[in-house]
Amino acid sequence: MEVALLVYESPEAFSTRNTDAYLGAWRAYYKALVEAGIYVGGNPLEVPETGTTVWLKEESGTYRMAPTIPQEQLGGFIILELPSLDAALDWAARCPAASAGAVEVRPLDPEFKRRVTG
């Protein structure tokens, strides 16, 4: 099964992204994922202030709004190929963000992708 680990971090964690301790923890985690042969892909995201939310209102056309900055912000995502949800939860618990933020584990939907891509 493929799962996405959605990494949520506090604004304080975002501000430490360039420190040696932060980068070292993420390098070690990335290396462990690759060595385990489960890493499919992923990327960190820029700070939430760089994003824009877009939605359509039938009566008024398209609106764009800058995001509201929550306590924990989506900082990035990791896609893993794993044998079970339990294995995904174990890897999420090892993620550096799990101790200071949150890591959501969400299975990908290959059936929907197949229907969309034909």
Side-chain angles (χ1 to χ4, degrees):
M1 78 183 295
E2 284 190 341
V3 298
L5 302 186
L6 303 175
V7 178
Y8 292 91
E9 299 176 291
S10 68
E12 294 78 26
F14 265 92
S15 69
T16 65
R17 278 186 160 190
N18 292 319
T19 65
D20 289 340
Y22 183 93
L23 292 172
W26 277 100
R27 281 188 189 115
Y29 184 63
Y30 171 75
K31 183 178 177 183
L33 294 171
V34 171
E35 287 176 353
I38 60 172
Y39 182 79
V40 175
N43 271 308
L45 299 173
E46 290 191 19
V47 295
E49 295 85 358
T50 64
T52 303
T53 301
V54 178
W55 67 93
L56 182 64
K57 300 249 185 188
E58 286 184 40
E59 66 277 0
S60 311
T62 302
Y63 285 79
R64 283 188 218 133
M65 296 204 65
T68 302
I69 306 304
Q71 291 290 36
E72 292 179 339
Q73 305 161 1
L74 183 60
F77 63 94
I78 303 167
I79 307 296
L80 303 176
E81 176 72 39
L82 295 161
S84 68
L85 181 58
D86 285 340
L89 295 173
D90 288 341
W91 279 100
R94 295 173 60 181
C95 179
S99 62
V103 179
E104 178 184 353
V105 176
R106 190 174 309 176
L108 300 186
D109 189 346
E111 178 57 27
F112 184 76
K113 181 179 179 181
R114 185 191 64 74
R115 291 193 321 258
V116 169
T117 60

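- For R17, the salt bridge (Lys or Arg N to Asp or Glu O under 4.0 Å) partners at least two apart in sequence or on another chain are E9.
- Shown here for I78 and L80, the closest heavy-atom pair between the two residues is CG2-CD2, 3.6 Å.
- L82 and A87 make their closest contact through CD1-C, 4.1 Å (heavy atoms, listed as atom of the first residue, atom of the second, distance).
- Under the 4.5 Å side-chain heavy-atom criterion for ILVMFWY residues, a single connected hydrophobic cluster contains both V105 and W91.
- Residues that satisfy the side chain to side chain contact (heavy atoms under 4.5 Å, CB included) test with A25, not counting sequence neighbours, are P96.
- Residues that satisfy the side chain to side chain donor-acceptor pair (under 3.5 Å) test with Y29, not counting sequence neighbours, are absent from this structure.
- With sequence neighbours excluded, the residues forming a side chain to side chain contact (heavy atoms under 4.5 Å, CB included) with T16 are T19, Y22, listed by chain and number.
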Please evaluate residues I79 and V3 with respect to the criterion side chain to side chain contact (heavy atoms under 4.5 Å, CB included), reporting the C-alpha separation (whole Å), side-chain torsions for both, the decisive distance (0.1 Å), and the verdict.
CA-CA 6 Å; I79 307 296; V3 298; over 6 Å; no
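- Both V34 and V7 belong to a single network of hydrophobic side chains, linked directly or stepwise wherever heavy atoms of I, L, V, M, F, W or Y lie under 4.5 Å apart.
- In this structure Y39 satisfies the ring pair (Phe, Tyr, Trp, His ring centres under 6.0 Å) test together with Y30, sequence neighbours excluded.
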Check step by step if side chain to side chain contact (heavy atoms under 4.5 Å, CB included) holds for V103 and L6.
CA-CA 5 Å; V103 179; L6 303 175; over 6 Å; no
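- Nearest heavy atom pair, residue A98 against residue A92, reads CB-O, 3.5 Å.
- Hydrophobic cluster membership is shared by M1 and L33, with clusters built from Ile, Leu, Val, Met, Phe, Trp and Tyr side chains linked at under 4.5 angstrom.
- Here side chain to side chain donor-acceptor pair (under 3.5 Å) pairs that include residues 102-118, with residues two or more places apart or in two chains, are Y8-E104, E104-R106, E111-R114.
- Residues passing the salt bridge (Lys or Arg N to Asp or Glu O under 4.0 Å) test with R94, sequence neighbours excluded: none.
- For E81, the side chain to side chain contact (heavy atoms under 4.5 Å, CB included) partners are E2, V40, not counting sequence neighbours.
- Note on L5 and W26: same hydrophobic cluster, where clusters join Ile, Leu, Val, Met, Phe, Trp and Tyr whose side-chain heavy atoms are under 4.5 Å apart, directly or indirectly.
- Applying the side chain to side chain contact (heavy atoms under 4.5 Å, CB included) criterion to D86, with sequence neighbours excluded, gives S84, L89.
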